[in-house]
Amino acid sequence: MTSVRLYRAAHGRTGDKGDRSNISVIAWHPELFPLLVEQVTPEAVAAQFRHRAPSRVQRFVLPRLHAMNFVLDAVLDGGVNDALNLDTHGKSLSFLLLDMPIRVPPGLQHLLAGPAED
């Protein structure tokens, strides 16, 4: 098994509503999807966002799309009208999630996107 950043296996998109962030994770290749379901769990996502202390992390698995949607409550410092941070919509949060390490077996490594990490 090799440890890589999630962005090598998936891409993502972020949305928001109030103090709730909605982050999608979409596998670059269908064969990578079971690996993502196994490792990108609500608990792993909560750990990746521990500095933002989400009150709840929910995961919705969309197998026909080879995607998952995560809903993180209370991670936007109160939302657009209340937050003082520069990214009040939380649009960059997908990049934080995609930086999460995952483990990929040798048989699937040829499906990873981008150059090998140093």
Side-chain angles (χ1 to χ4, degrees):
M1 295 281 237
T2 298
S3 181
V4 299
R5 300 294 174 180
L6 179 56
Y7 68 82
R8 302 262 333 266
H11 58 101
R13 182 156 169 90
T14 307
D16 66 279
K17 190 61 91 174
D19 198 19
R20 176 177 285 165
S21 182
N22 178 354
I23 305 173
S24 62
V25 174
I26 306 107
W28 285 121
H29 194 280
E31 288 183 50
L32 293 169
F33 183 64
L35 184 77
L36 301 180
V37 171
E38 176 186 311
Q39 295 183 47
V40 188
T41 63
E43 296 78 17
V45 172
Q48 185 74 359
F49 285 87
R50 68 185 160 276
H51 68 286
R52 287 189 165 262
S55 63
R56 179 171 68 163
V57 175
Q58 297 176 82
R59 178 176 77 167
F60 301 92
V61 179
L62 307 160
R64 293 178 77 183
L65 298 175
H66 312 293
M68 295 179 284
N69 186 52
F70 291 90
V71 178
L72 292 79
D73 291 330
V75 293
L76 296 177
D77 299 331
V80 173
N81 294 328
D82 293 334
L84 298 177
N85 68 47
L86 295 175
D87 184 15
T88 57
H89 290 279
K91 297 298 183 187
S92 64
L93 294 184
S94 64
F95 295 103
L96 177 61
L97 181 54
L98 292 173
D99 196 46
M100 184 176 105
I102 61 168
R103 296 175 49 80
V104 180
L108 295 177
Q109 290 174 15
H110 69 283
L111 299 174
L112 297 173
E117 299 171 31
D118 293 328

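Only a predicted model underlies this, so the values are computations on that prediction, with no experimental measurement involved.
Contacts of R59 classified as side chain to side chain contact (heavy atoms under 4.5 Å, CB included), with partners at least two apart in sequence or in another chain: V37, T41, P42, V61, M68, F70. Residues satisfying the salt bridge (Lys or Arg N to Asp or Glu O under 4.0 Å) test with D99, not counting sequence neighbours, are R5. Among residues two or more places apart in sequence or in another chain, the side chain to side chain donor-acceptor pair (under 3.5 Å) test is passed with Q109 by T2. Applying the side chain to side chain contact (heavy atoms under 4.5 Å, CB included) rule to L111 yields the partners H29, E31, L32, L108; only residues at least two apart in sequence or on another chain are considered.
A67 approaches F33 most closely through the heavy-atom pair N-CE1, 3.3 Å. The two residues L98 and A10 make their nearest non-hydrogen contact at CD2-O, 3.8 Å. Smallest separation of non-hydrogen atoms from Q48 and L96: NE2-O, 2.9 Å. Here the closest non-hydrogen pair linking P105 and L35 is CD-CD1, 3.9 Å. Closest non-hydrogen pair, H66 versus P30, comes out as CE1-CB, 3.5 Å. Taking every heavy atom of both residues into account, V40 and M100 meet most closely at CG2-CE, 3.7 Å.
For the pair V57/F49, no side-chain contact is recorded, criterion being any heavy-atom separation below 4.5 Å from C-beta on. Side-chain contact between L93 and R52 is present, with at least one heavy-atom pair separated by less than 4.5 Å. Between I26 and L65 the shortest side-chain heavy-atom distance does not fall below 4.5 Å. Considering only heavy atoms from C-beta on, P54 stays 4.5 Å or farther from D73 through its side chain.
With hydrogens and angles ignored, the 3.5 Å screen pairs no side-chain donor or acceptor of S94 with any backbone N or O of I23.
Applying the under-4.5 Å side-chain rule to Ile, Leu, Val, Met, Phe, Trp and Tyr, the cluster around V71 extends to F60.
In the hydrophobic clustering of ILVMFWY residues, with side-chain heavy atoms under 4.5 Å counting as a link, L36 and V4 come out together.
Legend: salt bridge (charged side-chain N to carboxylate O under 4.0 Å, His left out) pairs involving residues 34-45, not counting sequence neighbours: none detected.
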